[in-house]
Amino acid sequence: MVKKIRVLIAKPGLDGHDRGAKVVARALRDAGMEVIYTGLHQTADMVVQTAIQEDVDVVGLSLLSGAHMTLFIDVLELIKDRKMDDVLVIGGGIVPEGDVLKLKEAGMKGVFGPGTSIEEMVDFIKENVRK
Amino acid sequence: MSELAERVLSGDPRAIARLISYSEDGDPRGAEEMKVIHPKAGNAYVIGVTGVMGAGKSTLVCEMARELRRRGKTVGIVAVDPTSPFSGGALLGDRIRMNELVSDEGIFIRSMGTRGMLGGLASAVFDAVEILDASGKDVVIVETVGVGQAEVDIIKIADTTMVVLVPGLGDSIQTIKAGIMEIADIFVVNKADRPGIERTVAELESLIDLSHGPGIRRVPVLQTTAKDSKGVTELLDEVNAHEAYIRSSGRFDERRKARYQAELVEIIRKRLMTLIFDEDKFKGRIESLLERIQQKEMDPYSAAEEILAKLLK
Ligand SMILES: Nc1nc2c(ncn2[C@@H]2O[C@H](COP(=O)(O)OP(=O)(O)OP(=O)(O)O)[C@@H](O)[C@H]2O)c(=O)[nH]1
Ligand SMILES: [Mg+2]
């Protein structure tokens, strides 16, 4: 029996490009994970529905800027509401210090800045994912 | 009845999702639940969609699902993408084309990787179809990339199989070379907005002429422009016509039997592989046999016979 780590990489919000999200998606694939990628323009509800149907262990949110804070918080709250507490939620991008705190309070376990190496992210996931 | 199976039968998305995961991971808990749900499955109509990479299969699946919803049907979708043989990971991107279906409770979408060569794929896809079926979905659509034997095998699941091509002669010929011609119940030439469509359809028709004989249903060729929702109604009408055809000719039951046969073979194969290669009982023995094969003290055939003899004792 081999349990594969399944990750949803989602990009909530209405703005433009998803290069960063795709780089992370490919890197996690290369680390042996199954990465579900849903593209741009995800609403909080879509992210959570997808996480449920795909039974993912990890939800990775692409935080391009702090501009969509409310959206990220919405995702975290929906996940809490649905009692999906065994799903590891992480985020990556440029987020101001104050917002990082808010995200962590809302349940985001890891927030990775632009300087984070892929290895760091992979290790974090492997250590913190539900077993 | 077990709680998880009960929740699957009542249509609970989280239970459906979890049972599919058990099946993919080969978790023994899955097998027990599958035993419980089997009697409730068999009502969903299964459509297989395969064809060349990037042909627009996911876009087409999305459009078909929307049309099926308009016709009052609930829909399960299983979208299979290849697992990387190097890392064992996979990038599952079919959902990108299906975003507008996500908020509809009458639709359940699951992405799957083909996973390792010691099986997993086929039996997990069989299970996913059976789970969605038992959960009450009226139609289950399975999307696979149409290259290689695994994909041809998966199509054993479907009641109606579509092979999706695009304008341009090269692709069609490649597909036909890959032996996919024989599995098509319906040919779809998608991207009909592209130049060369007439020619591809004509080429295809003449290839069908070659294999078509008297008294055999002629495989129809349909044109779609999935990205503009064109041709999808006609396509689903054709699926209905095919269903009527297989039901009235007795082929429907034959296909279902073939599906269960393929599933049975897959489960046995997987269990045997696990038994021989994963369990400690055989591990040491196999190591020493490999050593002897390498030293030319034994050959692989005799080694295989020795293992099988042990197994059958
Ligand atoms: N011109 C044109 N492009 C289309 C049509 N249908 C889909 N596409 C485009 O073709 C590309 C691939 O579409 P997908 O639906 O992802 O194709 P697919 O066959 O599922 O791809 P894989 O799963 O990767 O093999 C996308 O850019 C679509 O927008 C169509 O009818 N016409
Ligand atoms: Mg696809």
Side-chain angles (χ1 to χ4, degrees), chain A residues 1-12 14 18 21-58 60 75 78-79 81-87 118 122 125-126 129-131, chain B residues 12-31 58 76-105 107-116 118 120 124 128 132 270 274 278-279:
Chain A
M1 187 183 140
V2 208
K3 172 87 186 82
K4 280 229 160 104
I5 298 177
R6 287 170 66 84
V7 187
L8 169 63
I9 297 290
K11 196 178 167 307
L14 287 174
D18 58 351
K22 280 182 177 159
V23 169
V24 170
R26 273 194 295 270
L28 296 181
R29 187 243 349 242
D30 294 340
M33 301 179 195
E34 283 185 352
V35 183
I36 293 109
Y37 184 66
T38 51
L40 296 163
H41 310 322
Q42 301 287 305
T43 65
D45 186 60
M46 285 163 82
V47 174
V48 175
Q49 291 297 345
T50 303
I52 289 174
Q53 294 180 356
E54 299 289 353
D55 192 26
V56 292
D57 308 288
V58 184
V75 173
L78 269 177
I79 284 179
D81 281 354
R82 304 288 182 95
K83 304 203 162 43
M84 297 159 69
D85 23 29
D86 58 343
V87 175
I118 288 299
V122 169
I125 290 174
K126 285 187 175 160
V129 76
R130 66 188 177 199
K131 297 283 156 29
Chain B
D12 175 356
R14 286 171 76 173
I16 296 170
R18 182 54 51 88
L19 186 49
I20 295 175
S21 298
Y22 282 169
S23 190
E24 288 194 289
D25 294 335
D27 188 313
R29 282 173 289 185
S58 302
I77 297 171
V78 183
V80 185
D81 271 326
T83 292
S84 154
F86 305 107
S87 68
L91 204 52
L92 310 175
D94 292 318
R95 288 189 86 108
I96 296 174
R97 315 277 170 224
M98 304 184 189
N99 274 323
E100 49 191 297
L101 306 176
V102 173
S103 305
D104 182 345
E105 285 187 7
I107 293 180
F108 186 104
I109 308 170
R110 180 62 173 239
S111 316
M112 285 181 145
T114 49
R115 298 210 179 175
L118 288 190
L132 289 166
K270 215 170 137 187
T274 315
D278 288 354
E279 293 198 356

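No hydrogens, no waters, no symmetry mates; every other heavy atom, side chains included, goes into these values. Fair warning: this is a prediction, and the values are worked out from it, not measured in the lab. Reminder, nothing fancy here: chain letters follow the sequence lines and each chain counts from 1.
- For a residue to count as touching a neighbouring chain, one of its non-hydrogen atoms must lie under 4.5 Å from one of that chain's; by this rule A:Met33 touches chain B with the backbone only.
- Heavy atoms closer than 4.5 Å to chain A are found nowhere in B:Ile16, neither backbone nor side chain.
- A pairwise comparison of heavy atoms in A:Ile36 and A:Thr50 identifies CG2-CG2, 4.5 Å as the closest pair.
- Qualifying side-chain hydrogen bond (donor to acceptor under 3.5 Å, both in side chains) partners for A:Glu54, counting only residues two or more places apart in sequence or in other chains: A:Arg6, B:Arg95, B:Ser111.
- Comparing B:Ala17, B:Gly88, B:Ala90, B:Pro13 by heavy-atom pairs within less than 4.5 Å of chain A, the highest count is held by B:Ala90.
- Heavy atoms closer than 4.5 Å to chain A are found nowhere in B:Leu19, neither backbone nor side chain.
- Between the side chain of A:Gln53 and the backbone N or O of B:Ile109 there is at least one donor-acceptor pair closer than 3.5 Å.
- Within the 3.5 Å criterion, the main-chain N or O of B:Asp27 finds no donor-acceptor partner in the side chain of B:Asp25.
- Your options are A:Leu28, A:Ile9, A:Asp30, and the one with the most heavy-atom pairs under 4.5 Å with chain B is A:Asp30.
- Screening A:Lys131, A:Lys4, A:Lys126, A:Lys3 for a salt bridge (Lys or Arg N to Asp or Glu O under 4.0 Å) with A:Asp57, the sole residue that qualifies is A:Lys3.
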